[in-house]
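Working notes, beginning with the structure itself.
In this chain, numbering begins with 1 at the start of the sequence shown. In each ligand, atom 1 is the first atom listed, and ligand 1 is the first ligand listed.
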Amino acid sequence: MLSVADAFDLLAQHVAPLPSADTPLSDLLNHRLAVDVVSGVDSPPFDKSMVDGYAISLADDSTELAVLEQVIAGGVPTQPLAPGGTIRVMTGAPVPHGTDAVVKWEDCRELAPDRIANPATGVAPGHCVLKCGTAFRRGETVLPAGKRLTPLDIALLAEIGQARVAAVPLPRAGVLPTGNELVAPDQPVGPGQIRNSNGPMLLASLAAAGVPAVDLGVARDELAALQAAVQRGLAECDVLLISGGVSAGVMDLVPGVLAELGVREVFHKLKMKPGKPLWFGVRDGDARRQYVFGLPGNPVSTLVSFRLFVLPTLATLAGAPFAPPATRRGVLATTYAHRGGRPTYHPCRLVERDGMLPQIEPLAWRGSADLATLTRADCLGVFPAGDYELAAGTEADALPL
Ligand code: AMP
Ligand code: MG
């Protein structure tokens, strides 16, 4: 059986970013830039006032200043500052030629509607004036290729007039739970039935990761139904997340259906607990490659597989270099006994401590179907294969959830 590390290697070999596309601002959130963005403008584009006030020349020693005109944001001064004169400027308005500083309205004394006492005493040059190009200059790279765009980055693109930019699209992920026993969360359960918790969990996990999701409904364990649902998923998505039906039971039809539909198996079954039955494959279409995960049906196995393998795959499709999820070093809060030939990802709580490694507190976990314990966990303790007992205080790794 393949190790978790082997599985990461295979993912790194098979998963590549989606081809970049020219994308409008309104669609760019969380997309990674495919190019460096170079500004075509200075920022700010002119010397502007930072306050509502009066533009003055510090060389002017007149005791009174005549208000020559008023400039609002969006307007431009029609004249330079002349000796004995000032211009009233609103926040964001260009200051007139000859301006050394702007003095806030509240700090000036009005002598008449169009005259003020010269407020220059003690005012430093440049006061309340934002000089052209203070933030950046035309020709500067303002956003580097590969950056995942935040709302602020999008604002910056708007500022420099870059209404479209080349970016890696977000993958679309389809969610397809399978199983005859599954009923919808709002339905009563009959004998032998359970509610579909993986579907809502996967859809929410994708939303949390900022990945567009397609709800493909629930497929019954029947060849025709499964085939139709997988076909729809392949038609609409870059990545298909199927849950259930990948173990060795008589109703585990997923690998066969995928093979028939041209999805090539890359790996099936990993040396790990939970999550052993995980299936991964790719389908090379005319224009693009698609990716299919068959996630084991037990909810905790589904979540662990999602966290370990699906999230890094989605990140790579969206333009990041492939990287296995990063673990954190901590110390065990209690003893931990491990048994068995597979490494275990055990639900734990991570307790932060000032200036020390965090504590990893294993929770009393009742196996792959125990979703309730997982809701109290914020990490997975990573424990290597073998039969051993670790004392409290032993260092260990944890994978934040
Ligand atoms: P399977 O991988 O199909 O053999 O399913 C393994 C276990 O997970 C079985 O006990 C299933 O009933 C359960 N299971 C499968 N799919 C789901 C789901 N969508 N939500 C909750 N439990 C599930
Ligand atoms: Mg099943």
For the residue pair S43 and E159, confirm or rule out a side-chain donor-acceptor distance under 3.5 Å.
yes
Does a donor on one side chain and an acceptor on the other come within less than 3.5 Å for E389 and T335?
no
Contact atoms of ligand 1, heavy-atom distance to [X] under 4.0 Å:
X    : value
I194 : 12 (O), 21 (C), 22 (N), 23 (C)
N298 : 6 (C), 7 (C), 8 (O)
R195 : 20 (N), 21 (C)

Among all protein non-hydrogen atoms, which one is nearest to [atom], and what is the separation to 0.1 Å?
atom                    : value
atom 18 (C) of ligand 1 : N198 ND2, 3.2 Å
atom 5 (O) of ligand 1  : G297 CA, 3.7 Å
atom 19 (N) of ligand 1 : N196 OD1, 2.9 Å
atom 11 (C) of ligand 1 : E181 OE2, 3.0 Å
atom 21 (C) of ligand 1 : S197 OG, 3.2 Å

Within 6.0 Å of CZ in R109, more than 12 heavy atoms from elsewhere:
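Result for CZ/R109: open.
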Location of contacts on [X] toward ligand 1, heavy atoms closer than 4.0 Å:
X    : result
S247 : side chain
L182 : side chain
V218 : neither

What do you reckon, does S243 put a non-hydrogen atom under 4.0 Å from ligand 1?
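Per 4.0 Å heavy-atom rule, S243 contacts ligand 1.
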Kindly indicate, with the supporting measurements, whether the criterion ring pair (Phe, Tyr, Trp, His ring centres under 6.0 Å) is fulfilled by F383 and Y336.
CA-CA 9 Å; F383 299 106; Y336 181 83; 3.8 Å; yes
For a quick test of your reading: what N or O donor-acceptor pairs under 3.5 Å do the side chains of residues 173-184 make, sequence neighbours left out?
| residue | atom | partner | partner atom | Å |
| --- | --- | --- | --- | --- |
| T178 | OG1 | S243 | O | 2.9 |
| T178 | OG1 | G244 | O | 3.3 |
| N180 | OD1 | D221 | N | 2.8 |

Considering both backbone and side-chain atoms of P299, is one of its nitrogen or oxygen atoms within less than 3.5 Å of a nitrogen or oxygen in ligand 1?
no
Based purely on interatomic distance, does G245 place a nitrogen or oxygen under 3.5 Å from a nitrogen or oxygen of ligand 1?
yes
Sole residue of V230, L202, L295 in side chain to side chain contact (heavy atoms under 4.5 Å, CB included) with I242
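Among V230, L202, L295, the one that satisfies the side chain to side chain contact (heavy atoms under 4.5 Å, CB included) with I242 is V230.
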Have a look at L399 and tell me which of L380, L350, V304 forms a side chain to side chain contact (heavy atoms under 4.5 Å, CB included) with it.
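The side chain to side chain contact (heavy atoms under 4.5 Å, CB included) with L399 is passed solely by L380 among L380, L350, V304.
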Looking at residues at least two apart in the chain, or sitting in another chain, which of them share a ring-ring contact (aromatic ring centres under 6.0 Å, His included) with Y388?
H338
Just by distance, do the side chain of N198 and the backbone of G297 share a donor-acceptor pair under 3.5 Å?
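Indeed, once roles are kept as given, a pair shorter than 3.5 Å links the two residues.
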